[in-house]
There are 2 protein chains.
Amino acid sequence: MSIKKVAKLAGVSTATVSRYLNSPEQVKEKTRNKVRAAIEETGYAPNTLARNFRRGKTSLIVVVLPSIGDPFLESVMRGVWKVADELGYSILIRDTQSNSHDFDEYTDLVFSKQADGILLLASISPFGEAEARRGPSGQAHPPLVLGLESVSAELSQFPSVRVDNVAAAADGTEYLIQLGHKRIGFITGKPDSLLTHDREKGYRDAMHKAKLNVAPEWVVEGEQTIEGARRATRQLLELEQRPTAIFCANDEMALGALYEVKQAGLRVPQDISVIGFDDIRYAEIADPPLTTIAQPAEEIGERSMRRLCEAIEGKENNTAAETVPHRLVVRKSSANAPK
Amino acid sequence: MSIKKVAKLAGVSTATVSRYLNSPEQVKEKTRNKVRAAIEETGYAPNTLARNFRRGKTSLIVVVLPSIGDPFLESVMRGVWKVADELGYSILIRDTQSNSHDFDEYTDLVFSKQADGILLLASISPFGEAEARRGPSGQAHPPLVLGLESVSAELSQFPSVRVDNVAAAADGTEYLIQLGHKRIGFITGKPDSLLTHDREKGYRDAMHKAKLNVAPEWVVEGEQTIEGARRATRQLLELEQRPTAIFCANDEMALGALYEVKQAGLRVPQDISVIGFDDIRYAEIADPPLTTIAQPAEEIGERSMRRLCEAIEGKENNTAAETVPHRLVVRKSSANAPK
DNA sequence: TTGTACGCGTTATCAC
DNA sequence: GTGATAACGCGTACAA
């Protein structure tokens, strides 16, 4: 009823008002002025609900991430938002921590037109039932891009943007080995996190390549939280032959590890080296400043979002996995192995 | 076109399918079964776009916050999401850091039916033009609740949920005064943050009450970032008569301050006490663990969100300001004043 | 209890 | 360049 009101007031048809809003260059200047005046007078704002309905598009994108308030994701999201603003999308965030949704619930968001696409920045259970939905839905799968996380076989058909976590973790491990460390502990994430699996694999690969043994008790679960990492660290420190270095699958856990090592009266890095992964902003001001592996977070966000938008707009269906470079950042929490 | 398909397949009318979805009790069991079968067979998912359009409701809520990846906001958002899930809303996040929108852009989201309401967890520029829009829009203002932040006069008409920042900061300051500190520095936030203004006021009030002078150079801007706080701290340390204690308007800045004090070769808390505000999860594992003022973050999120939903659903227009309790958490970063 | 038919506000497809 | 009008898919008043 509203575009009609404006149209009547301006003495034009609704079609013209619509054109004025969406492709003003198709409207003669004189008409444009009439319409503009009418819009200003009424304070008219187009009803987005109706517009989306008509266009069959929500301009909403769901970003699925493990937990908001993750300092690393902040940088990624900055990149995501940049592209979203540029291309006119809004971002709907779902975290997998507070809510335990399964994958279908996310794909449903697209099939039921609540969102146009999904940017998956978290590990979640694989395709499951959604696979069955390929038929009815008409399209094979919803527009979906994976950022950060490694891909399970089920999801390997989708485009992705991430660092090579295996290689990066291997680099970090090799760095410790070069410092003379032989007993290196690894604090991994949750069991279902493919990402931390990959990092663990990189660690194991590097150890193996250097012909160093990995005792089973050296690899401990840290649940990707400070608390979990603190527990894990205490376990490592109680070992008869405790590690001289601890590699944490992310910085959040490394900060917890740092605390517990110092709490136990040991010095970092003289007694134990600690390194992390992600280079969050707290790494630099940790005590001692944390050696870690940096990812180009904002770039990952930007590129994955861009590819998602392309997929939505049907411009590309390039399903290639895109790898961005990582970088070892050496700070004070790592040093030569003791003795 | 889709509800029709289901209806045809089930041999009923579209109205019946619609009823099946929205008020199943109005449908006879036998019919229900037919419809259910048809829905399962087709994999039908109702078009949310059409539904929202028809209902005139988006079930979307915009949460405006200073910056995602703020560890404190994570807890607040947990509370927000809890209520959102319960009541069937989705959350659309806008941060004021990466994007600089003004207030009108947020109210427009509601007026143009992109969202049902606004939860404001950040200080932003006051009403401005939106005030003018009261007429045409029909309603006085969009559903809006303030969480965390203090309110400017323009926004005082809206419901709010927060701690008493003035009183809390006064408590923290008094605590330092009791420890014998007389020269207490304050690192404040951005000039336009009402929140940190209030905390600064609490600090000044407490100093004044204790008949202690506040030298102008003791109050420094820290921009609400680690970097800013580090700069501010260096300034304070260079003072001829440097403070024996530093009160930071939030923990993020306190972590930066902690780093710089140690960097300068001073000991915390023996030479300088440092306290923060918010009790983020990194406060406990800081070195030394940070004394701070805790807010019931999740509760703030939950209550403010609940009030917003009530406002949207027209259940209440209680515009009272709700105050939740704060709590001083004493850890190792604060001690008696030196000498 | 179920079916028919209309309208929500916008955009797109035609003619003119 | 502009206007008339038919969709878009769903909910609901009303009739049966």
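Each chain gets a letter, A, B and so on, in the order its sequence line appears, and its residues count up from 1. Below, all heavy atoms of this structure are taken into account, side chains as well, without hydrogens, waters or symmetry copies.
- Distance from the side chain of A:Asn47 is smallest for C:dG9 among the nucleotides C:dG9, D:dT2, D:dC10.
- Under a 4.0 Å N-O distance rule, the pair A:Arg78/A:Glu74 qualifies as a salt bridge.
- For D:dG9, neither phosphate oxygen OP1 nor OP2 lies less than 4.0 angstrom from any side-chain nitrogen or oxygen of B:Arg51.
- Side-chain N/O atoms of A:Arg19 and base N/O atoms of D:dG3 include a donor-acceptor pair closer than 3.5 Å.
- One atom, NZ of B:Lys4, and another, P of D:dA7, lie 9 Å apart when rounded to the nearest Å.
- Dashed line: the shortest gap from a side-chain N or O of A:Asn52 to OP1 or OP2 of C:dT10 is not under 4.0 Å.
- For the pair A:Glu302 and A:Arg306, the salt-bridge criterion is met [side-chain N within less than 4.0 Å of a carboxylate O].
- With the nearest nucleotide of DNA chain C identified for both B:Val27 and B:Thr14, B:Val27 has the one nearer the 5' end.
- In this structure, A:Leu49 places its CG atom 13 Å from P of D:dG11, rounding to the nearest Å.
- The separation between A:Ile3 atom CD1 and C:dC8 atom P is 14 Å, rounded to whole Å.
- For A:Tyr44 and C:dT10, the shortest distance from a side-chain N or O to OP1 or OP2 is below 4.0 Å.
- If you take CD of B:Glu29 and P of C:dT1, they are 12 Å apart, rounded to a whole angstrom.
- Straight-line distance from the NZ atom of B:Lys57 to the C1' atom of D:dC10: 16 Å, rounded to whole Å.
- Taking the six-membered ring where tryptophan is involved, the planes of A:His141 and A:Phe158 are perpendicular, since the angle between them exceeds 60° and thus also 30°.
- Using a 4.0 Å cut-off between charged nitrogen and carboxylate oxygen, B:Glu149 and B:Arg162 do not count as a salt-bridge pair.
- The nearest pair of heavy atoms linking B:Leu65 to B:Met77 is CD2-SD, 4.1 Å.
- Applying the 5.5 angstrom centroid cut-off and the 30 degree plane-angle cut-off, the aromatic ring of B:Phe53 is not stacked upon the base of D:dC10.
- Across the protein-nucleic acid pair, A:Lys34 atom NZ and D:dT2 atom C1' stand 10 Å apart, rounded to whole Å.
- Distances shorter than 4.0 Å separate some side-chain N or O of B:Thr16 from OP1 or OP2 on C:dG3.
- When the P atom of C:dG9 is taken as reference, atom CG of A:Leu21 falls 15 Å away, rounded to whole Å.
- Here C:dG7 presents its P atom at 21 Å from CZ of B:Arg55, a figure rounded to the nearest Å.
- A donor N or O paired with an acceptor N or O is found under 3.5 Å between the base of D:dA7 and the side-chain atoms of A:Arg54.
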